[in-house]
**Student:** 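Mind having a look at this structure? Questions to follow.
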Amino acid sequence: GDSVTQMEGPVTLSEEAFLTINCTYTATGYPSLFWYVQYPGEGLQLLLKATKADDKGSNKGFEATYRKETTSFHLEKGSVQVSDSAVYFCALSPRNSGNTPLVFGKGTRLSVIA
Amino acid sequence: DTGVSQNPRHKITKRGQNVTFRCDPISEHNRLYWYRQTLGQGPEFLTYFQNEAQLEKSRLLSDRFSAERPKGSFSTLEIQRTEQGDSAMYLCASGPQTSSGNTIYFGEGSWLTVV
């Protein structure tokens with residue numbers, strides 16, 4: 001079945017460091033891909049998305065490019081801030097399944113130190 | 001535009017009691033989802049509504065769980081005879097009929113602790 005694999009955390013970075021969180025997926029067809037962020041004690045917020053191959057999603061300095069050839073959707077940010085500390089979830093929506101529920105990875109915890 | 005609203009935000013209950021959570025989706029969103037999230041894990045799908053019709057249920061949704069969306073607006077998730085393993089955050093999400101890539105928006109979740 002469809003699945004998402006994320007790099008295990010926690011990831012600890014100093015402020016202004018470069019961030020990469022790896023995400024790969026397994027799916028039939030061409031899914032839509034998402035990154036959600038969860039701050040402590042809160043629900044998930046949509047961070048960015050890409051709906052077809054080679055699309056780049058971006059928001060708040062974060063970027064991810066839909067790579068069909070490597071089945072990946074890695075999250076990057078050039079300069080992290082303390083306020084970026086959160087758990088990041090990669091997710092997919094199967095393309096040809098109407099409104100089939102999103103499938104999530106296990107999440108990667110990011111801690112940014114001042 | 002208000003977001004997805006869930007209540008109560010926190011619930012502590014004794015094992016064997018029944019609990020009910022409510023979700024108010026973003027207005028005019030006809031799709032509504034319930035997910036469960038335990039510590040250190042990603043959200044796991046429980047059930048999905050399109051308008052008032054419950055279209056899909058996960059095998060995670062045991063007979064003790066029931067969800068309704070009677071008028072196609074708010075939804076309730078009831079857990080009967082709670083067990084300690086039910087302790088988790090219950091997340092509700094909604095989405096419009098047509099959205100780019102099946103985008104959904106989450107509420108802040110309802111934490112359940114069964115003691």
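Bear in mind that the values here come from a model prediction, so they are computed numbers and not experimental data.
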**Student:** Side chains of T47(B) and Q54(B): is there a donor and an acceptor less than 3.5 Å apart?
**Tutor:** yes
**Student:** Using the benzene-type ring in the case of Trp, are the ring centres of F104(A) and Y35(B) under 6.0 Å apart?
**Tutor:** yes
**Student:** Could you look at Q37(B) and say if it's the side chain, the backbone, both or neither that has a heavy atom under 4.5 Å from chain A?
**Tutor:** side chain
**Student:** If you count heavy-atom pairs within less than 4.5 Å of chain A, which of C92(B), P43(B), G40(B) leads?
**Tutor:** P43(B)
**Student:** For L46(A), which atoms come within 4.5 Å of any heavy atom of chain B: side chain, backbone, both, or neither?
**Tutor:** side chain
**Student:** Give, as side chain, backbone, both or neither, the part of Q38(A) having an atom under 4.5 angstrom from any heavy atom of chain B.
**Tutor:** side chain
**Student:** Under a 3.5 Å threshold, yes or no: a donor from one side chain and an acceptor from the other, between Q17(B) and T82(B)?
**Tutor:** no
**Student:** Taking the cut-offs as 6.0 angstrom to the six-membered ring centre and 45 degrees off its axis, would you call R31(B) and Y48(B) a cation-pi pair?
**Tutor:** no
